[in-house]
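A quick write-up on the structure given underneath.
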Protein chains: 2
Amino acid sequence: MILKSQVEWALHCCAILAGLPEGRYLSTKALAEFHGVPKEYLSKALQSLSQAGLVHTTLGPSGGYRLAGTPAELTFLDIVEAVEGKARTFVCNNIRANNPCRPQGYCESGACAVARVMWEADEAWRDKLRSVRLSDLIDTLAKEIPAELWKSSFEWVLERAG
Amino acid sequence: MILKSQVEWALHCCAILAGLPEGRYLSTKALAEFHGVPKEYLSKALQSLSQAGLVHTTLGPSGGYRLAGTPAELTFLDIVEAVEGKARTFVCNNIRANNPCRPQGYCESGACAVARVMWEADEAWRDKLRSVRLSDLIDTLAKEIPAELWKSSFEWVLERAG
DNA sequence: CAAATAGGGATATCTATTATCCGTAATAAC
DNA sequence: GTTATTACGGATAATAGATATCCCTATTTG
């Protein structure tokens, strides 16, 4: 069970978009080049972010993506769920229902106890992702990335932002 | 991203094995029939449990599986990891390394900040699974399953346990 | 009008999951 | 000892999902 690589791409892209000046947009092409990933496929991830309402888009030359809100309003969970979907990672196929000792027409009282535990773990995962905002990531990156690289990356983006 | 159905099977099988009297074994065939899942494929999941040391096996007629320890010594995480593997659910492909602004031969200081957050969430998931013991599940099931069904299921198993 | 863009659909490729089959060694019952 | 039954591992196939590419359309900028 491994998350799509698009999740990683989307997170990094949002981190870049978070540094974009007000009203500017960055294209799929620029984001793909910056991260060294295939443009066409990255486009699908960005469309997922768009459909989830996390980013705004504009068409035409100088078009592209910008965050729909502030980095503090966007959580890791928002981004992960936009790309990966909101479905639980554990699917209950209710195999207890195959128990040969069950009386005919027996009706379940509630969700399977096994599934409930797995779903609680799933929720713990989501809770953690919900607790980290994009702005937290930016703060961390600002501390860890050398000032020189931070600056040149910002300029690289500005040159291509419409 | 969805867990293997074998995870569900393994959890339910362990719940059954937990009720097995001391020194008795239950075969793949019986476990497969009880849960209504393909015997050959379930066998793979049980082999994973065996390789992880969670269950003991015996060959020959009246052979099969029993828990290696007590239900209180076995956690959900043990079972999930035995089947699903211990690998993290988020793989960092280090796409930050493709940043065109990076100086030649630039060396990472540590793990990517994005990956660290994703891995923390992964750990939160594992922490939750580690906190629930198989004995906890049995306690829950004992409360929720009608006494009649509980008893008949136990007898069904006993008839087939070697 | 021309160029560049997001968006969507169709399609292909690759990988992981799901599933089945068969041979081998070990064990228990007879 | 013989036979039946079992776990185990390897090989293989079928299916689904992830990864990736291509093309067409509508829209916007210059």
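In what follows, every chain begins at residue 1, and chains take the letters A, B, ... in the order their sequences are listed. Note: hydrogens, waters and symmetry copies are ignored here, and every other heavy atom, side chains too, is used.
Regarding B/Leu31, its CG atom lies at a distance of 18 Å from the P atom of D/dT5, rounded to whole Å. The distance between atom NE2 of B/His56 and atom C1' of D/dA7, rounded to the nearest whole Å, is 14 Å. Here the P atom of nucleotide D/dA7 and the CD atom of B/Gln47 are 9 Å apart, to the nearest Å. Between B/Ile95 atom CD1 and D/dT19 atom P the separation is 13 Å, expressed in whole Å. Summarising the geometry, the separation between CE on A/Met1 and P on D/dA18 is reported as 12 Å, rounded to the nearest angstrom. Atom NZ of A/Lys44 is separated from atom P of D/dC22 by 13 Å (rounded to the nearest Å). Per the geometry, CG belonging to B/Leu49 stands 13 Å off P belonging to D/dG9, to the nearest Å. Atom CG in B/Leu26 sits about 16 Å away from atom P in D/dT5, given to the nearest Å.
For residues 1-16 of chain B, the set of pairs meeting the side-chain hydrogen bond (donor to acceptor under 3.5 Å, both in side chains) definition, not counting sequence neighbours, is empty.
Phosphate proximity of D/dT19 to A/Ser5: present, with a side-chain N or O under 4.0 Å from OP1 or OP2. Residue B/Ser62 places none of its side-chain N or O atoms closer than 4.0 Å to OP1 or OP2 of D/dT6. One finds no side-chain N or O of A/Gln6 lying less than 4.0 angstrom from the OP1 or OP2 phosphate oxygen of D/dT19.
Looking at heavy-atom distances under 4.0 Å, A/Ser43 makes no contact with the nucleic acid at all. When heavy atoms are screened at a 4.0 angstrom cut-off, A/Gly162 is found touching no nucleic acid atom at all. Residue B/Tyr65 is in sugar-phosphate contact alone, with no base atom involved, counting any heavy-atom pair closer than 4.0 Å across all strands shown.
Along DNA chain C, the nucleotide nearest to A/Pro61 and the one nearest to A/Thr58 differ in position, and the one closer to the 5' end is contacted by A/Pro61. Judged by closest nucleotide on DNA chain D, B/Lys29 is the one of A/Lys39 and B/Lys29 placed further toward the 5' end.
Clustering ILVMFWY residues whenever any of their side-chain heavy atoms sit less than 4.5 angstrom apart, transitively, puts B/Leu77 in the very cluster that holds B/Ile79.
Judged by distance alone, the side chains of A/Arg96 and A/Asn94 do bring a donor and an acceptor atom under 3.5 Å apart. When only modelled atom types and interatomic distance are considered, B/Ser43 and B/Gln47 share a side-chain donor-acceptor pair under 3.5 Å.
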Problem set entry | Audit row: B/Arg116, B/Glu120, salt bridge (charged side-chain N to carboxylate O under 4.0 Å, His left out) steps and yes/no | CA-CA 6 Å; B/Arg116 292 206 307 273; B/Glu120 282 170 20; 5.5 Å; no
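Nearest approach of A/Arg130 to A/Asp127, heavy atoms of both residues: NH2-OD1, 2.7 Å. Between B/Asp78 and B/Leu54 the shortest heavy-atom distance is O-CD1, 3.5 Å.
Interface limits on DNA chain C: the 5'-most and 3'-most nucleotides within less than 4.0 Å of chain B heavy atoms are C/dT17 to C/dA28.
Comparing D/dA18, D/dT5, D/dA7 against the side chain of A/Lys4 picks out D/dA18 as the nearest. Side-chain proximity of A/Tyr41 to D/dT29, D/dC22, D/dA18: nearest is D/dA18.
Between A/Ser131 and A/Phe76 there is no side-chain heavy-atom pair separated by less than 4.5 Å.
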